[in-house]
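Just below is one structure, and these are the notes that go with it.
Here is the naming used below: chain letters follow the sequence lines, and residue numbers restart at 1 for every chain. In this text the structure is predicted, and so the values were computed from the model without any measurement.
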Amino acid sequence: MTQVRDMKLDGNAIAGLLREIFAVEMTTARGTCAACGAVNELGRVEVYIHAPGTVVRCPDCEQVLMRVVRGGGRYWIDLTGVRCLELAEG
Amino acid sequence: MARAAVLGRLTWQFGTLAEIVRETPRVSSLFFDVPEWPGHLAGQHVDVRLTADDGYQAERSYSIASAPTDKRLALTVERLDDGEVSPYLVGELRAGDRLELRGPIGGYFVWRGDEDRPLLLIGGGSGIVPLMSMLRHRARIASKTPARLLFSSRALADVIYREELERLGAAGDGLGVVHTLTREKPAGWTGYTRRIDEAMLRETAWPSEDSPAVFVCGPTPFVEAAASLLVAMGHDARSIKTERFGATGG
């Protein structure tokens with residue numbers, strides 16, 4: 001039986017998805033966790049892709065940073081857990 | 001070129017398989033000609049998409065194995081028997097076939113070769129692939145950056161790139177290659193024969209005072225274990241870049 005902790009990926013796994021949405025490279029963007037204030041490059045965050053949507057968690061406090069659902073040609077993006085995103089100008 | 005490699009709209013394109021090289025019984029390297037390839041950085045990956053006759057699509061990410069300056073784009077793929085994509089790539093795809101892919105993707109888990117910090121690479125199984133792109137890049141640009149690779153495989157027959165790693169490690173340009181086998185102890189084997197632990201890292205890794213650039217890639221439990229050991233040994237968690245393969249997929 002596969003343990004949930006072994007299903008954990010990281011931000012590298014959603015680099016393609018994030019670039020579809022934001023149109024720039026996002027794994028080097030820095031996100032501030034709304035819960036604990038930790039600042040992490042998105043390549044470092046915890047990612048779970050086995051649910052119907054993608055769930056992104058803070059590597060420091062494990063709170064949900066983002067949820068992304070794709071379907072029917074649309075995206076639903078919940079960024080409640082990210083206080084700030086800092087990224088390089090395209 | 002680096003700018004082109006990380007920016008720009010991500011679009012699907014076709015690569016044509018030029019050559020297949022069998023690395024181990026389960027792992028093959030696929031060399032593609034990609035006409036519109038914008039160039040890549042060592043450590044980046046591509047997304048591969050298969051479309052069935054009924055329109056069903058399966059998408060997977062594969063690390064790029066080739067160096068940025070290599071003529072062809074190389075992917076090294078492990079065949080997972082219950083996977084949706086890898087059994088097609090390793091087993092059915094033939095030279096001359098076209099494959100839909102997009103990339104390069106990623107910018108976090110990359111080594112550009114332009115910094116002086118020593119390079120510490122820790123790979124488990126097919127987690128060697130993006131690290132191999134870095135080592136090939138290091139060799140192509142004749143970098144003298146001190147580098148060490150600690151590579152964990154199950155058995156000797158499972159060691160991906162074994163001969164090439166031997167050559168690179170013997171080149172005398174500051175690269176040390178250390179193997180560990182977790183399920184076999186072949187006769188005459190001089191490498192380690194256990195899972196990566198603190199004693200092994202103390203013997204092989206750069207100490208934290210040397211502030212190495214660290215890249216760890218492999219299955220999730222492997223990456224978590226290696227990264228935790230390094231942090232416990234005093235390495236700055238933010239200088240340890242990790243890429244996890246997860247427990248399923250393929």
Taking 4.5 Å as the heavy-atom cut-off, does anything in residues 55-73 of chain A contact chain B, and if so which residues?
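Interface residues of residues 55-73 of chain A: A:D60, A:R70.
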Suppose a student defines contact as a heavy atom less than 4.5 Å from any heavy atom of chain B. Which residues in residues 28-44 of chain A would they list?
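So far as heavy atoms go, A:T28, A:V39, A:N40, A:E41, A:G43, A:R44 are the residues that approach chain B to under 4.5 Å.
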How many angstroms lie between [atom1] in [X] and [atom2] in [Y], if you round to the nearest 0.5 Å?
{"X": "B:S61", "Y": "A:I49", "atom1": "OG", "atom2": "CD1", "value": "8.0 Å"}
{"X": "B:E59", "Y": "A:L17", "atom1": "CD", "atom2": "CG", "value": "9.0 Å"}
{"X": "A:L18", "Y": "B:I105", "atom1": "CG", "atom2": "CD1", "value": "10.5 Å"}

Can you tell me if [X] has over 12 outside heavy atoms packed within less than 6.0 Å of its [atom1]?
{"X": "B:Q57", "atom1": "CD", "result": "yes"}
{"X": "A:R74", "atom1": "CZ", "result": "no"}
{"X": "B:R117", "atom1": "CZ", "result": "yes"}
{"X": "B:D116", "atom1": "CG", "result": "no"}
{"X": "B:D53", "atom1": "CG", "result": "no"}
{"X": "B:R26", "atom1": "CZ", "result": "yes"}

If we ignore hydrogens and angles and just use 3.5 Å, is the side chain of A:N12 paired with the main-chain N or O of B:T242 as donor and acceptor?
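Yes: the side chain of A:N12 pairs with the backbone of B:T242.
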Side-chain donor/acceptor of A:T27 to backbone N/O of B:Y108, under 3.5 Å:
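Answer holds: yes.
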Might you point out which heavy atoms bring B:H45 and A:A15 nearest each other, and give the distance in Å?
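Closest heavy-atom pair between B:H45 and A:A15: CE1-CB, 4.0 Å.
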Heavy-atom pair with the smallest gap, counting every atom of B:L10 and A:R19
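Scanning both residues completely, I find the closest heavy atoms to be CD1-NH2, 3.5 Å.
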For a 4.5 angstrom cut-off between non-hydrogen side-chain atoms, does B:R102 reach A:E20?
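Sidechains of A:E20 and B:R102: in contact.
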